[in-house]
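Within every chain, numbering begins at 1; the chains are lettered A, B, ... in the order of the sequence lines, protein sequences first and strands thereafter.
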Amino acid sequence: MDVLKGLNPSQVEAVLETEGPVIVLAGAGSGKTKAIVHRIAYLLDGGISERRVLAVTFTNKAAGEMRARTISMVGAAAETVWLCTFHSLCARILRVHIDKLKPIAGRQPYRQGFSIYDDDDRKQLLSDCIKNLGLDLSAESLKMARRWVSYAKLRGLEPEQLEARLAGDGQGRFARVYEQYLTRTAASNAVDFDDLLSLTLRLFDENQEVLSIYQDRFEYCMVDEFQDTNRIQYELMKRIVGKHRNLFVVGDDDQSIYAFRGADLRNILDFEKDFPDAKIIHLGQNYRSTKSILSTACSLISKNLARKKKELFTENIAGQKVELCTCGTELAEAEFVCQEIQMLRKGGDPDLSTTAVFYRTNAQSRAVEDVLVRCNMPYKIVRGLRFYERKEVRDVIAYLKASVNPDDDIALLRTINVPPRGIGKVSLDLIADEAHGSGCSLFAAVGRLKDSAAVRPALRAKLTSFHALIAALRESASAAQRPSEFINHLLCETGYLEFLLESAEGEEKTRAENVKELASVAKAFEQKHPGASVEDFAHHIALLTDLDEFDERESPVSLLTLHSAKGLEFDVVFIIGVEKGFLPHYSIRTIEQFEEERRLLYVGMTRAKKRLILTRAFRRMTFGRTTMNPESPFIDEIPAELIARRAFYGDNLL
DNA sequence: TGCGACCTAGTTTTT
DNA sequence: CTAGGTCGCA
């Protein structure tokens, strides 16, 4: 059969084992995506309707790649398979059914057309809640608040339950923050990323009818990167496969590096307990790396205690030894990397066409960037400042959201004085009080105050024109306008583009360009979804990140954190800062965290196909202070004969 | 309201 | 060191 061509026996097994629970333990570079893609193709080939198949991944990018590969195998039928991220799956379900959630006393029920709050919106709202409650508004307490809110949502806790959990620790105040946060998101008809998951789970548990729709529909369910799922995501999948139990998960416990974000390694370690009849398939053959690289990485990861025993092997050539270069300073380290890349380039080996530099923290990229710029070497930095995190982009998105969801207070707050309209803090407090007093949205409050005799005329005029502006935007958003047209319309009408250009002094030009870039994102969206409304676009954009756009093949040198390296591969990989303090990071406390750091290094190493070069700096400036970091203890765990040691003190040619 | 001086904190972050 | 946030003054 065609779909089995080019697969090894374990992969074939993973494809053919379609009924019942299956867990695939797929080592790094063992072709797990291939296995999933072929499995989907096999199902469709065998006459299973594409409506019956659900495949969930973690990033839009991974989903997109999987879709492209499936389409190339089975053709257009794959276009309509639900191949999505957990968040987009949930968003899609909630878009239809959110109003069927049981209402909760004291909180407004959710309704169609809800907004999605990202982490920044959440932060904004949380600090506002903290302020409102008259609590300590330090960075520390904001961090705690975020932590506890996430904690509660992950476990489906209501404020009272969180209170009970926290009271003993004298942290009860965070339960009140949580309560207010819930009330206010509900009032704004907004859900955050955690809500997407937890509300869907709640919906399933409250409403058997809705659950049945999906249970009956999705007969074959697959989850990629299973080691990164959190408890809720796992529960969601368990609900969906409740009837037929055709759950196929692929993961690698050794590549779990997101515990700090709630990923729960127990999901993968305990899968067999939840599904005692689960088939277990090992994908142990690595197709990516040389023997040298693989054995180095394996000797490291074998030191982890909390892992499933497994052996990886490869039929690839031995290749060059992994290198470790000790450099004088972080600048010398950067020079070394640059020089080494230049040498590889001069060699002109077409096999070494992609190169990446990995680091533990974003700040480490600086020295490397400096040197690369001075050497005129083109490079691409992955998520230095994300496109969608830029202030100007967020401002425009806020306008977009405000134009679509009349209750979205956070969006309104963001837009109200940008560009400056003379509506400052005092006026804002007035509006907030009015909204609070009459239990309406901020926008409605603006509407009331603009006609209120109690407000001074100057402010009334400002409010009137702002109110008219937003009302007009709403009008044209719901008129059948194309999203990209609407963005352009919005940029003019609000005076935002003018505002950007006015304050422009050289670099600010890029701001205007960024904003226009958003219009082209809208254009691309239109082409993909003909006839899509402004509202559709607003919903779509809430789940986008620009890692989705990253194409590791297009630039010769990529700079990225170890975390964002996951799922990618490069011919040549440099990992810089292999020092105690960075790897493991100085902040780690527990043995679990220590093992996660080890996995992080392992993930980085296993991205390399041909060459792997580790570097460390003897002396390094951190926070304006010179520190001397010893070598990473992880190096000691690798047999010395696997590593070729070098030194580079830098001749400061640059 | 807005700007500039001062202070403080400083991991990783698929959505 | 440097970016982001706060505070105080004009």
Side-chain angles (χ1 to χ4, degrees), chain A residues 56-65 84-91 116-123 127 131 137-140 142-143 146 150 191-198 224-230 232-233 255-263 330 358-364 366-367 370 382-386 388-389 391 417 420-428 458-459 462 503 540-548 550 560-568 577 581-589 593 596-597 599-601 603-604 620-627:
Chain A
V56 190
T57 65
F58 272 80
T59 63
N60 299 310
K61 189 180 173 215
E65 275 169 17
C84 49
T85 66
F86 273 106
H87 293 267
S88 67
L89 168 71
C90 292
I116 297 174
Y117 279 179
D118 64 21
D119 284 344
D120 200 74
D121 296 325
R122 166 190 272 203
K123 213 168 112 189
S127 57
K131 219 180 291 170
L137 186 68
S138 62
E140 188 65 22
L142 184 60
K143 223 158 102 186
R146 279 158 75 188
S150 235
V191 304
D192 61 27
F193 286 146
D194 289 335
D195 288 327
L196 284 172
L197 306 172
S198 58
D224 192 15
E225 306 280 16
F226 187 60
Q227 76 280 353
D228 290 331
T229 49
N230 63 32
I232 290 221
Q233 290 163 332
Q255 291 187 63
S256 161
I257 54 175
Y258 284 106
F260 70 93
R261 277 186 113 246
E330 80 275 14
F358 300 161
Y359 34 80
R360 174 65 228 263
T361 68
N362 281 307
Q364 287 172 271
R366 222 195 170 89
D370 279 356
V382 183
R383 69 178 46 226
L385 226 192
R386 301 196 227 178
Y388 292 102
E389 272 172 18
K391 188 183 171 309
N417 205 28
R421 297 192 175 87
I423 304 175
K425 197 187 168 310
V426 183
S427 320
L428 271 178
L459 179 58
K462 292 174 193 164
S503 58
H540 166 80
I541 206 162
L543 293 174
L544 274 191
T545 72
D546 48 0
L547 193 65
D548 305 336
F550 174 61
L560 54 166
T561 64
L562 285 161
H563 281 91
S564 28
K566 205 180 70 176
L568 306 174
F582 283 101
L583 283 163
H585 194 264
Y586 73 89
S587 64
I588 68 131
R589 274 151 240 282
Q593 288 174 324
E596 181 146 319
E597 297 287 304
R599 289 193 291 266
L600 195 53
L601 182 55
V603 166
R620 177 184 296 276
M621 280 280 258
T622 14
F623 307 148
R625 215 177 279 267
T626 301
T627 51

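Below the 3.5 angstrom threshold, one finds no donor paired with an acceptor across the side chain of Arg261(A) and the base of dT12(B). Below the 3.5 angstrom threshold, one finds no donor paired with an acceptor across the side chain of Thr85(A) and the base of dT14(B).
Among the protein residues, Ile423(A) comes within range of the sugar-phosphate backbone only, with heavy atoms under 4.0 Å from sugar or phosphate atoms but none that close to a base. Across all strands, Ser587(A) comes closer than 4.0 Å to base atoms (heavy-atom distances). Residue-level contact check: Tyr258(A) touches the bases, meaning some heavy atom is under 4.0 Å from a base atom. Here Ser427(A) lies in heavy-atom contact (under 4.0 Å) with sugar-phosphate atoms only. Within the nucleic acid shown, Arg625(A) has no heavy atom closer than 4.0 Å to any nucleic acid atom.
With rounding to whole Å, Glu225(A) atom CD is found 9 Å from dT14(B) atom C1'. If you measure from atom CD1 of Ile588(A) to atom P of dG10(B), you get 18 Å, rounded to the nearest angstrom. Between Asp224(A) atom CG and dT15(B) atom P the separation is 13 Å, expressed in whole Å. Protein atom CD of Gln364(A) is 11 Å distant from nucleotide atom P of dT11(B), rounded to whole Å. To the nearest angstrom, P of dT12(B) lies 20 Å from CZ of Phe58(A). Between the CG atom of Leu428(A) and the P atom of dT1(B) there is a distance of 8 Å, rounded to whole Å. The interatomic distance linking His87(A) (NE2) with dT15(B) (P) rounds to 8 Å, in whole Å. Put simply, NZ on Lys566(A) is 11 Å from P on dT15(B), counting in whole angstrom units.
The shortest distance between side-chain heavy atoms of Leu196(A) and Phe86(A) does not fall below 4.5 Å. Looking at heavy atoms from C-beta onward, Met621(A) lies in side-chain contact with Glu330(A) at the 4.5 angstrom threshold. Side-chain contact between Asp195(A) and Tyr117(A): absent, with no pair of heavy atoms (C-beta onward) separated by less than 4.5 Å.
By the stacking rule of 5.5 Å between ring centres and under 30° between planes, His585(A) stacks on the base of dT11(B).
Legend: residues meeting ring pair (Phe, Tyr, Trp, His ring centres under 6.0 Å) with Phe260(A), ordered by chain and number and at least two apart, are Tyr258(A), His563(A). With sequence neighbours left out, the salt bridge (Lys or Arg N to Asp or Glu O under 4.0 Å) criterion links Arg122(A) to Asp192(A), Asp194(A). Applying the side chain to side chain contact (heavy atoms under 4.5 Å, CB included) test to Thr627(A) and every residue at least two apart in sequence or in another chain returns Arg620(A), Thr622(A), Asn629(A). In this structure Tyr359(A) satisfies the ring pair (Phe, Tyr, Trp, His ring centres under 6.0 Å) test with no other residue, sequence neighbours excluded.
Comparing dT13(B), dT1(B), dT12(B) against the side chain of Val426(A) picks out dT1(B) as the nearest. Closest to the side chain of Pro420(A), from the set dT14(B), dT12(B), dG2(B), is dG2(B). Nearest to the side chain of Asn417(A), among dT11(B), dG2(B), dT2(C), sits dG2(B). Closest to the side chain of Arg366(A), out of dT13(B), dA3(C), dT15(B), is dA3(C). When distances run from any side-chain atom of Asp228(A) to the nucleotides dT12(B), dT14(B), dG10(B), the shortest one goes to dT14(B). The Phe623(A) side chain lies nearest to dG10(B) when the options are dG10(B), dT1(B), dT12(B). Nearest nucleotide to the side chain of Asp119(A), out of dT15(B), dA3(C), dT13(B): dT15(B).
dT6(C) and dT11(B): their C1' atoms are spaced 24 Å apart (whole Å). The C1' atoms of dT14(B) and dA3(C) are separated by 26 Å, rounded to the nearest whole Å.
Between Lys143(A) and Ser88(A), the residue whose closest nucleotide on DNA chain B is further toward the 5' end is Lys143(A). The residue among Gly424(A) and Phe260(A) whose nearest nucleotide of DNA chain B is located toward the 5' end is Gly424(A).
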Write down the protein N/O and nucleotide N/O pairs, taken from nucleotides 4-6 of chain B, whose separation is under 3.5 Å; answer none if there are no such pairs.
none

Might you list the N or O atoms of the protein lying below 3.5 Å from N or O atoms in nucleotides 6-10 of chain C, with each pair's distance?
none

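Between the side chain of Ser127(A) and the backbone N or O of Lys123(A) there is at least one donor-acceptor pair closer than 3.5 Å. Side-chain atoms of Gln233(A) come within 3.5 Å of backbone N or O of Asn230(A) as a donor-acceptor pair. With Asp224(A) contributing its side chain and Phe58(A) its backbone, the two residues share no donor-acceptor pair below 3.5 Å. A distance-only check finds a donor-acceptor pair linking the side chain of Glu596(A) to the backbone of Ala259(A) [under 3.5 Å].
Judged purely by distance below 3.5 Å, without hydrogens or angles, the side chains of Ser587(A) and His585(A) pair a donor atom with an acceptor atom.
Between Asn362(A) and dT12(B) there is a side-chain polar atom (N or O) within less than 4.0 angstrom of OP1 or OP2. Using a 4.0 Å cut-off, no side-chain N or O of Thr57(A) falls inside it from OP1 or OP2 of dT15(B). For Thr561(A), a side-chain nitrogen or oxygen approaches OP1 or OP2 of dT13(B) to under 4.0 Å. The shortest distance between the side-chain N/O atoms of Asn230(A) and the OP1/OP2 oxygens of dT15(B) is not below 4.0 Å.
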